[in-house]
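All remarks here apply to the structure that follows.
So you know, we letter chains A, B, ... as the sequences are listed, proteins then strands, and number each from 1.
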Amino acid sequence: MKSTLAQLTVQFDQALVAAFGPELAGTDPMLVPTTNPKFGDYQANLAMSLAKPLKQKPRDIATQIIENLDVSDLCEPPEVAGPGFINLRLKTQYLEDQLRAMQADPRLGVAPAEQPQKVIVDFSSPNIAKEMHVGHLRSTIIGDSIARVQEFMGHDVLRINHVGDWGTQFGMLITHLKEVCPKALEVGSSVDIGDLVTFYKQAKKRFDEDDAFKTRSREAVVDLQSGEDTATKAWKALCEQSRKAFQTLYDRLDIDIQERGESFYNPLLANVVKDLEAQGLLVEDQGAKVVFVEGFTNKDGDPQPLIIQKTDGGYNYATTDLAAIRYRIQQDGADRVLYVVDAGQSNHFTQVFQVAAKASWIPSGIELTHVPFGVVQGEDGKKFKTRAGDTVRLKDLLDEAVSRARADLENRIQAEERQETEAFIQNAAEVVGIGAVKYADLSHNRTSNYIFSFDKMLALQGNTAPYMLYAYVRVQGISRKGDIDFDHLPAEARIHLEDETEFALARHLLQLGQLVEEVARDLYPNYLCQYLFELSQKFNQFYDRCSVLQAAEPQRTSRLLLCDLTAKTIKLGLSLLGIRVLERM
RNA sequence: GGGGCUGUAGCUCAGCAGGAUAGAGCGGCCGCCUCCUAAGCGGCAGGUCGUGGGUUCGAAUCCCGCCAGCCCCGCCA
């Protein structure tokens, strides 16, 4: 299924050459969907921009293009409008053919990438020994969606969880563990360390208040770094405990991710330093080994360094990130590495990428991209906290979304005097609640800060997960009511567009391929949300105006096909966002 | 001091590889269920696109200055 845009582009190219000569070959026809349905389906904006080079009036240029343009298979006769827009209206027959092709395609007409790449998506990245909290929400949800889109496009995707499993904070944790829970260090032990947040706070309290504890903690850091047995066991026990807690949340969120934490790169750090030194990039400054980066100055206006090795010989996260870049390119064979990390780290990534580039560690054609996102704020516009002022745990956040979804559902069931099983209610509340949290996040442009509101995300109307799910459920309702098996409609059945709302719905459905490609390229899941919202709106308008089951044949079957195609599109779209659908709600 | 992000309707936000009268949802007001779930649909009201310049046939969108908010910047990650 060749995209409409691609076909039109070819025709415009030929028309330009025929009208104005071969030097115009390859000119961008500036084809975009129209801003208003009354202008048709697509508009070409190039005539205005050609006015100066061709020294002619834009409308005259547009007329000459049209005279040489052969799009009669696809479009009604093109029209020149306004200052020189060329408006194209797709033929009904063409739309119907495209819909048929889309129906027959399990990918719904979305072409896979021509050149599949190895894509690494680095996301989520919680810290060991700390609980996942609202701060991990966006990276986890956005990262998963980006990975899903890349996978759908046919890329070989490696989802990496760059967990914080190394660093000086482990000194106090190990020391505290050894003292309060020595059993955890025994062979084959599977002792539950308990609530890790409490554990972390206790350790931190002792570290801040008890000098002897602080000294033992510093020694434990050295032990850990040198591979000493007890310290290593304690570290592993802590990691294992965290891992279990993380996995529970990933399972609930339906997220697949592979752990490869900071400690993984420890054996590679010395070589990073060595290679930077060999290339003469490393400079000793105030006892630390640094690389000076361009485009940044410190408060005194002097060049700013990126610390590679600390005065005490230790490494920090810039070093780890550099080692990770080398490993991902050399060992994993990555073509594209996407770092789904908050916008606050943009300086860090700019600097690290700059150093890697200077060291020639990034072969041409390899793309390293920081995919930034804004912070989650409460409805007061400040950092999102509980009423008591604590960090919001991810588990609590999900629980609350689900319990609110459940309350809404139970009210509705009661109002409608329906009878539903506990299993039905439980499942529907979970899908709606989790879906709402994900959708609310993904539907905002990720670069802005995001104001978190349970009320808004769970609202039954507007650009929310429940609205999308409801549109899907409506289609399933038709199939139940009419005892329709969408997979076994007559093979020769076709969609015939008649009502205005059918045309609007069909045109929107056919934009899917173009849209998904944009999301895969630009990494903005909110484009997809916007698409699905508009699709659901157009479906609801159609549903409101056109009865399906009561229509006479062949209109009835045509409308059933349109419903089914809409539902499949919503399901696919939501799946790329990591959101499940329901048959009833 | 440097770097980054953000500023669009009362609120929450789209739109920003320039394009025809700036969009949506919520909230407000007015309509629509003998009919597939009204968790829906239609309509009305509401905007100096922070601000001042510039580029352009055309700027919310690109460039520069300014204002406001948030974030990051040498031995934490």
Side-chain angles (χ1 to χ4, degrees), chain A residues 28 30 32 34-36 38-39 43 45 48-49 51-52 57-58 81-85 87 125 127 164 166-169 262 285-290 293 295-312 314-318 320-321 342-348 350-351 372-375 377 379 381-383 408-409 412 416 418 443-445 447-451 453 455-456 459-464 466-467 469-471 473-482 522 526-527 529-530 533-534 537 540-541 543-551 559 563 584-585:
Chain A
D28 181 0
M30 302 174 76
V32 290
T34 52
T35 49
N36 186 318
K38 75 181 178 192
F39 300 133
Q43 60 185 64
N45 298 336
M48 282 86 79
S49 65
K52 192 164 276 182
K57 289 177 185 167
F85 297 105
N87 290 337
S125 310
N127 291 314
W166 202 252
T168 47
Q169 78 276 18
E262 291 168 351
D285 190 68
Q286 295 176 31
K289 291 182 177 173
V290 308
V293 288
F296 300 86
T297 59
N298 65 18
K299 287 168 190 165
D300 302 323
D302 297 327
Q304 195 167 298
L306 182 68
I307 295 183
I308 304 296
Q309 189 166 24
K310 300 188 286 186
T311 304
D312 67 3
Y315 306 102
N316 61 15
Y317 79 137
T320 306
D321 283 344
D342 73 89
Q345 309 240 11
S346 64
N347 282 351
H348 169 71
T350 305
Q351 294 171 0
F373 55 84
V375 300
Q377 297 171 316
E379 294 190 66
K382 294 178 183 167
K383 199 170 174 183
D408 280 345
L409 182 62
R412 169 155 287 279
E416 294 174 356
R418 285 156 59 186
S443 63
H444 288 81
N445 184 314
T447 54
S448 341
N449 290 342
Y450 156 50
I451 296 187
S453 162
D455 288 334
K456 290 208 167 86
L460 308 168
Q461 56 281 91
N463 189 6
T464 64
Y467 182 87
L469 292 170
Y470 180 60
V473 161
R474 280 186 137 178
V475 175
Q476 307 316 311
I478 290 173
S479 109
R480 272 194 308 280
K481 183 86 174 199
D522 299 337
N526 65 304
Y527 293 176
C529 295
Q530 189 66 28
F533 179 49
E534 287 169 11
Q537 280 183 316
N540 279 328
Q541 287 158 4
Y543 184 92
D544 199 54
R545 278 257 301 253
C546 303
S547 53
V548 178
L549 293 173
Q550 286 149 24
R559 287 182 174 170
C563 286
R584 292 194 303 124
M585 64 190 279

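- Nucleic acid contact for A:G295: sugar-phosphate only, since backbone atoms but no base atoms lie under 4.0 Å from a heavy atom of the residue.
- One P atom belongs to B:G50, the other to B:A9, and the distance between them is 8 Å to the nearest Å.
- Among the heavy atoms of the strands lying under 4.0 Å from A:K38 is at least one base atom, whether or not backbone atoms are also near.
- Without hydrogens or angle criteria, A:N298 side chain to A:G301 main chain gives a donor-acceptor distance under 3.5 Å.
- Using the Watson-Crick or G-U wobble rule with both distances under 3.5 Å, B:G1 pairs with B:C73.
- In this structure, A:Y317 and A:H348 have parallel ring planes: the angle between them is below the 30° cut-off, well short of the 60° mark.
- Nucleotide B:G40 is matched to B:C32 when pairs are restricted to Watson-Crick or G-U wobble geometry with both distances under 3.5 angstrom.
- Pair assignment for B:C49: none, as no Watson-Crick or G-U wobble contacts are both less than 3.5 Å.
- Among the heavy atoms of the strands lying under 4.0 Å from A:Q541 are primed sugar atoms or P, OP1, OP2 only; no base atom is included.
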After noting the C-alpha distance and the side-chain angles of A:N347 and A:Q345, does the key distance pass the side-chain hydrogen bond (donor to acceptor under 3.5 Å, both in side chains) rule? CA-CA 5 Å; A:N347 282 351; A:Q345 309 240 11; over 6 Å; no
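- Across B:A24 and B:G42, the matching C1' atoms stand 16 Å from one another, rounded to whole Å.
- With both ends at atom C1', the span from B:G18 to B:C62 equals 7 Å, rounded to whole Å.
- A:H444 has its side chain out of reach of A:N526: every pair of non-hydrogen atoms, C-beta onward, lies at least 4.5 Å apart.
- Comparing A:N298 and A:F533 against RNA chain B, the residue whose closest nucleotide sits nearer the 5' end is A:N298.
- Rounded to a whole angstrom, the distance from the P atom of B:G27 to that of B:G4 is 40 Å.
- Nucleotides B:A22 and B:G47 place their P atoms 12 Å apart, quoted to the nearest Å.
- When the C1' atom is compared between B:U8 and B:G1, the two are found 32 Å apart, to the nearest whole Å.
- Counting any heavy atom pair closer than 4.0 Å across all strands shown, A:N540 reaches sugar-phosphate atoms only and no base atom.
- At a threshold of 4.0 angstrom between heavy atoms, the contacts of A:N36 include nucleobase atoms, whether or not backbone atoms are also involved.
- Within the nucleic acid shown, A:F85 comes within 4.0 Å of at least one base atom, counting heavy atoms only.
- A donor-acceptor contact closer than 3.5 angstrom links the side chains of A:Y467 and A:N540.
- Within the 4.0 angstrom heavy-atom criterion, base atoms lie near A:T311.
- For A:F39 and A:F85, the ring centers are positioned 6.0 Å apart or more.
- For the P atom pair drawn from B:U34 and B:A39, the interatomic distance equals 15 Å after rounding to whole Å.
- For B:C49, the base is anti relative to its sugar; the glycosidic angle deviates from 0 by more than 90°.
- Rounding to the nearest 0.5 Å gives a distance of 13.0 Å between CD of A:Q377 and OG of A:S453.
- Among the protein residues, A:Q304 comes within range of the nucleic acid bases, having at least one heavy atom under 4.0 Å from a base atom.
- Note on A:N526: only backbone sugar-phosphate atoms sit closer than 4.0 angstrom, heavy atoms only; bases stay farther off.
- Nucleotide B:A68 is matched to B:U6 when pairs are restricted to Watson-Crick or G-U wobble geometry with both distances under 3.5 angstrom.
- Within the 4.5 Å cutoff, the side chain of A:M585 has heavy atoms near those of the A:V473 side chain.
- Counting non-hydrogen atoms under 4.0 angstrom, A:S547 reaches a base of the nucleic acid.
- Pairing partner, B:A24: B:U12, with both Watson-Crick or wobble hydrogen-bond distances short of 3.5 Å.
- Among the heavy atoms of the strands, none lies under 4.0 Å from A:P466.
- Contacts of A:V473 with the nucleic acid, taken as non-hydrogen atoms under 4.0 Å apart, include base atoms.
- Nucleotides B:G69 and B:G43, compared at atom P, are 41 Å apart to the nearest Å.
- At a threshold of 4.0 angstrom between heavy atoms, the contacts of A:F373 with the nucleic acid are absent.
- Using a 4.0 Å heavy-atom cutoff across all strands shown, A:N87 reaches at least one base atom of the nucleic acid.
- Between A:N463 and A:R545, the residue anchored closer to the 5' end of RNA chain B is A:N463, taking for each the nucleotide with the nearest heavy atom.
- With hydrogens and angles disregarded, no donor-acceptor distance shorter than 3.5 Å links the side chain of A:D285 to the backbone of A:V290.
- When RNA chain B is scanned 5' to 3' for any atom under 4.0 Å from a heavy atom of chain A, the first and last hits are B:G1 to B:A77.
- Nucleotide B:G18 has no partner under the Watson-Crick or G-U criteria, as no pair reaches both atom distances under 3.5 Å.
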When you look at A:Q530 and A:N463, which way does the side-chain contact (heavy atoms from CB on, under 4.5 Å) test go after all the steps? CA-CA 8 Å; A:Q530 189 66 28; A:N463 189 6; 4.1 Å; yes
